[in-house]
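Quick notes on the structure that follows.
Note: hydrogens, waters and symmetry copies are ignored here, and every other heavy atom, side chains too, is used. Bear in mind that the values here come from a model prediction, so they are computed numbers and not experimental data.
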Amino acid sequence: MPSPLIGVSLVFIAALSWSTAGLFTRVVTTDIPTTLFWRSLIGGFCVLGIYLCMRRKRGGRALKREAIRLSRGEMVIGALSTAGMICFISSFFHTTIANVSFVYGSMPLVTFLLALVALKERADRVALASCVLCAVGVAVMIGGAQRLDDLLGIALAFAMTFFMASLTVAAKYFPGADAIKATYFSGFLGALVMLPFSSFIGTSPPDYFWLSLYGLVNLGLGFGVYLLGVQHVTATTAALVGLSEIPIAPIWAWLLFAENPGANTVIGGAVMLAATTCHLVVQHLRQRQGA
């Protein structure tokens with residue numbers, strides 16, 4: 001099997017694991033802080049384990065010192081990731097999985113807009129047109145919001161998208177930052193932030209099981225498999241394959257929880273997904289022509 005096909009398959013498996021993010025919030029009975037605490041803590045340990053396995057040849061003490069030594073870039077990226085994750089998981093408690101997923105699908109375009117401002121990158125007509133089309137999709141989606149809670153959930157999803165886009169820009173600003181170290185730092189920071197607000201009284205054994213699985217599958221498995229996959233494909237290809245998470249997540253919600261996203265969400269989300277895909281495809285074609 002050729003390496004690119006292996007890479008695409010692994011990135012798709014990662015996208016499948018990420019698409020379960022909203023499902024676990026429908027299964028557990030814990031509140032937002034408690035859910036975030038356990039998901040962050042267990043996910044942080046999973047990613048730390050991946051880091052230690054990948055660098056096991058460096059030896060015991062040297063590896064431990066390296067694992068706890070964080071650069072400024074890693075701390076900045078980790079803090080942005082923590083903020084994004086808090087908004088992301090919280091948004092599922094207020095609106096449909098479909099709303100959150102489609103909003104998150106606009107992240108490449110939000111990243112492009114932030115890069116224009118922060119990194120002074122050159123404006124691109126296709127990307128700008130995609131941004132306008134994405135804004136139309138957002139307007140259609142918001143127009144279908146029937147409850148104030150829906151609007152709050154969509155707002156949290158947009159906040160998460162902004163933080164994750166900022167994280168991508170920060171990674172370009174700090175090219176020496178280690179993404180794995182930033183990720184497990186983010187998990188432990190999220191757990192620390194949520195600890196004072198979490199409740200450990202009355203949490204049932206099934207909840208502990210699902211919360212553990214949440215961290216293992218959604219962050220540990222997803223991140224680990226993605227790291228393996230991106231070694232065999234380009235960043236743009238990984239981003240395009242990763243977009244499969246967006247339609248899969250609401251399909252899971254519909255099949256398992258009969259969660260109907262509504263016509264406005266489907267239409268608006270499809271427009272947003274088309275805009276993002278167009279942007280990434282054009283990027284990919286230009287990269288191939290320039291190679």
Side-chain angles (χ1 to χ4, degrees), residues 17-51 67-68 70 75 77-101 103-104 145-164 167 181-224 245 249-250 252-253 256-259:
S17 69
W18 292 332
S19 71
T20 64
L23 301 181
F24 288 98
T25 63
R26 300 296 186 262
V27 176
V28 297
T29 60
T30 48
D31 57 20
I32 295 174
T34 308
T35 303
L36 275 162
F37 171 82
W38 286 110
R39 190 265 184 194
S40 300
L41 185 65
I42 294 167
F45 275 117
C46 285
V47 178
L48 176 59
I50 292 169
Y51 177 84
I68 62 174
L70 298 167
M75 287 189 284
I77 292 169
L80 288 170
S81 178
T82 298
M85 196 50 56
I86 289 171
C87 294
F88 183 48
I89 303 303
S90 299
S91 64
F92 288 117
F93 284 81
H94 296 282
T95 190
T96 64
I97 290 172
N99 277 341
V100 178
S101 299
V103 169
Y104 180 53
Q146 298 178 348
R147 301 172 297 126
L148 186 60
D149 220 27
D150 271 330
L151 292 174
L152 175 58
I154 291 171
L156 285 167
F158 270 114
M160 174 272 298
T161 304
F162 172 80
F163 282 122
M164 299 308 285
L167 181 158
K181 292 174 77 172
T183 302
Y184 67 68
F185 169 68
S186 170
F188 296 140
L189 180 61
L192 183 64
V193 170
M194 289 294 111
L195 180 60
F197 310 102
S198 300
S199 174
F200 305 103
I201 300 173
T203 304
S204 65
D207 278 333
Y208 280 121
F209 169 77
W210 289 115
L211 290 168
S212 300
L213 204 60
Y214 199 176
L216 286 168
V217 172
N218 190 240
L219 185 56
L221 174 65
F223 190 75
E245 170 196 354
W252 285 135
L256 298 176
F257 300 102
E259 190 171 289

S212 side-chain N/O to Y208 backbone N/O, donor-acceptor pair under 3.5 Å: yes
Kindly say whether I77 contributes a backbone atom to a donor-acceptor pair with the side chain of S81 at under 3.5 angstrom? no
Supply the atom-to-atom distance [X] [atom1] to [Y] [atom2], rounded to the nearest 0.5 angstrom.
| X | Y | atom1 | atom2 | answer |
| --- | --- | --- | --- | --- |
| W252 | R26 | CH2 | CZ | 15.5 Å |
| S40 | I86 | OG | CD1 | 7.0 Å |
| D149 | T96 | CG | OG1 | 11.0 Å |
| I89 | L36 | CD1 | CG | 6.0 Å |
| T82 | F163 | OG1 | CZ | 10.5 Å |
| S91 | I97 | OG | CD1 | 10.0 Å |

Heavy-atom closest pair, residues [X] and [Y]:
| X | Y | answer |
| --- | --- | --- |
| A21 | T25 | O-CG2, 3.9 Å |
| L216 | C46 | CD2-SG, 3.2 Å |
| Y104 | T161 | CA-OG1, 3.7 Å |
| L211 | W38 | CD1-CD1, 3.6 Å |
| S198 | F37 | OG-CB, 3.3 Å |
| N218 | S17 | ND2-O, 3.1 Å |

Is there a side chain to side chain contact (heavy atoms under 4.5 Å, CB included) between F257 and V27 once you walk through the steps? CA-CA 10 Å; F257 300 102; V27 176; 3.7 Å; yes
Working note: L189 + M75, criterion side chain to side chain contact (heavy atoms under 4.5 Å, CB included); need CA distance, chi angles, decisive distance, verdict. CA-CA 10 Å; L189 180 61; M75 287 189 284; over 6 Å; no
Would you mind reporting whether [Y] and [X] have side-chain heavy atoms less than 4.5 Å apart?
| X | Y | answer |
| --- | --- | --- |
| D31 | F93 | no |
| L41 | L195 | no |
| L219 | M85 | no |
| F45 | F188 | yes |

Hey, mind stepping through H94 and I32 against side chain to side chain contact (heavy atoms under 4.5 Å, CB included) and telling me if it holds? CA-CA 10 Å; H94 296 282; I32 295 174; 4.0 Å; yes
Y214 and F24 aromatic ring geometry - parallel, tilted or perpendicular at 30°/60° bounds: parallel
S199: which residues meet the side chain to side chain donor-acceptor pair (under 3.5 Å) condition with it, sequence neighbours left out? none
More than 12 non-hydrogen atoms from neighbouring residues, nucleotides or ligands closer than 6.0 Å to OH on Y51, yes or no? yes
